[in-house]
Amino acid sequence: MQGAFIEHERILGQLGAECAELRKGSDLQGGFDGIILPGGESTVQGKLLRELHMFGGMKEMIASGVPVMGTCAGLILLAGRLSHDTAVYFGTLPVTVCRNAYGRQLGSFSASAHIRGLRGEGQEFPLEFIRAPYISEIHDREHTVPLAVLDKMPDGSKGENIVGVRYQNQVGLAFHPELTDDSRCHKMFLGMCSGKSMS
Ligand code: GLN
């Protein structure tokens, strides 16, 4: 209902997947195999999810194992904790996330990295960051798989900056795979939706 959903639909369409936009509570009964939470503004999205009567139903679906991929603001909605913030949205992904961690000047930047579990893993994936969140902590290291790592922290210092994770049925990405021409993240997600994926 808000943010960069058209871009996700474009890539999913190219891959031959059928998409439906979820805009109200009754849309959740539509029968679908997975949910993408797009980038945008998490505070607005969180508010709309409640106002449009989708919040509880969607949270239950995610908790019960429906595959979900959250990109940027979508990652914020999934996060179990937000640093410097008392808000929590779905809270189903065991990570702490810091919103807008890269500051105003460095709000948007590009990078590239290997992403675990993608076909052609050896080929780096283009990463687009827009006022991106930073995954500052992983609470359940045993079950959370880092998918992509940058060697630079939000403050520019050297360090291991995990920019994508998978936890069971949930993928959280700090970047925007829908803004690139590389469809491999979406392909991986469709694999999860059809039950054919890395575990
Ligand atoms: N800064 C946004 C937020 O806090 C996320 C930005 C994005 O999704 N590109 O929700």
Side-chain angles (χ1 to χ4, degrees), residues 1-12 19 21-23 34-52 54-55 58-59 62 67-113 115 125-139 144 146-150 152-156 161-167 170-186 188-189:
M1 67 259 143
Q2 195 268 340
F5 53 88
I6 300 283
E7 290 80 354
H8 281 289
E9 289 181 27
R10 177 185 62 87
I11 295 202
L12 291 169
C19 305
E21 292 172 5
L22 304 175
R23 294 179 174 278
I35 300 171
I36 292 185
L37 302 171
E41 194 53 48
S42 54
T43 49
V44 176
Q45 295 178 350
K47 188 164 171 277
L48 286 174
L49 279 167
R50 288 183 197 280
E51 284 176 10
L52 301 171
M54 291 200 283
F55 188 84
M58 202 178 272
K59 179 170 175 171
I62 295 169
V68 61
M69 180 164 80
T71 59
C72 207
L75 162 64
I76 296 167
L77 293 184
L78 291 173
R81 206 178 308 144
L82 304 185
S83 53
H84 319 297
D85 205 326
T86 51
V88 171
Y89 300 98
F90 294 129
T92 47
L93 185 66
V95 297
T96 298
V97 155
C98 179
R99 293 180 59 209
N100 301 322
Y102 295 83
R104 287 213 182 152
Q105 297 305 319
L106 247 184
S108 303
F109 63 98
S110 307
S112 63
I115 298 188
F125 192 92
L127 307 175
E128 294 298 330
F129 294 88
I130 304 171
R131 292 183 304 113
Y134 162 58
I135 301 171
S136 58
E137 198 186 330
I138 292 180
H139 310 152
T144 307
L147 296 179
V149 182
L150 291 185
K152 211 163 84 175
M153 306 306 272
D155 64 3
N161 180 357
I162 296 171
V163 293
V165 293
R166 171 152 179 199
Y167 171 75
Q170 303 175 59
V171 171
L173 306 175
F175 54 93
H176 288 271
E178 77 283 9
L179 298 184
T180 70
D181 289 327
D182 195 324
S183 59
R184 288 179 294 155
C185 281
H186 290 79
M188 171 184 73
F189 181 64

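Each ligand, and each atom within it, is numbered from 1 in the order the structure gives.
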Selection residues 170-182 - residue pairs positive for salt bridge (Lys or Arg N to Asp or Glu O under 4.0 Å), sequence neighbours left out
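Residue pairs with at least one partner in residues 170-182: Asp182-Arg184.
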Side-chain atoms of residues 79-89: list all donor-acceptor pairs with protein atoms under 3.5 Å, sequence neighbours left out, distances to 0.1 Å.
residue : atom : partner : partner atom : Å
Asp85   : OD1  : Ala87   : N            : 3.1

Residues two or more places apart in sequence or in another chain: which of them pass side chain to side chain donor-acceptor pair (under 3.5 Å) with Thr43?
none
Side-chain donor/acceptor of Gln170 to backbone N/O of Thr92, under 3.5 Å:
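Yes; judged by distance alone, with no hydrogens or angles, the pair exists.
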Between the main-chain N or O of Glu41 and the side-chain N or O of Gln2, is there a donor-acceptor pair closer than 3.5 Å?
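Judged by distance alone, yes, a pair lies under 3.5 Å.
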In a simple table, one pair per line, please give the protein and ligand 1 atom names for every N or O pair closer than 3.5 Å, along with the distance.
residue  : atom   : partner : partner atom : Å
ligand 1 : 1 (N)  : Asn100  : OD1          : 2.6
ligand 1 : 1 (N)  : Arg131  : O            : 3.0
ligand 1 : 1 (N)  : Arg131  : NH1          : 3.2
ligand 1 : 4 (O)  : Arg99   : NE           : 2.7
ligand 1 : 4 (O)  : Arg99   : NH2          : 2.9
ligand 1 : 8 (O)  : Gly40   : N            : 2.9
ligand 1 : 8 (O)  : Gly40   : O            : 3.1
ligand 1 : 8 (O)  : Ala73   : N            : 3.0
ligand 1 : 9 (N)  : Ile130  : O            : 3.0
ligand 1 : 9 (N)  : His176  : NE2          : 2.9
ligand 1 : 10 (O) : Ser42   : N            : 2.7
ligand 1 : 10 (O) : Ser42   : OG           : 2.8

Below 30° counts as parallel, above 60° as perpendicular, anything between as tilted: where do the rings of Phe109 and Tyr102 land?
tilted
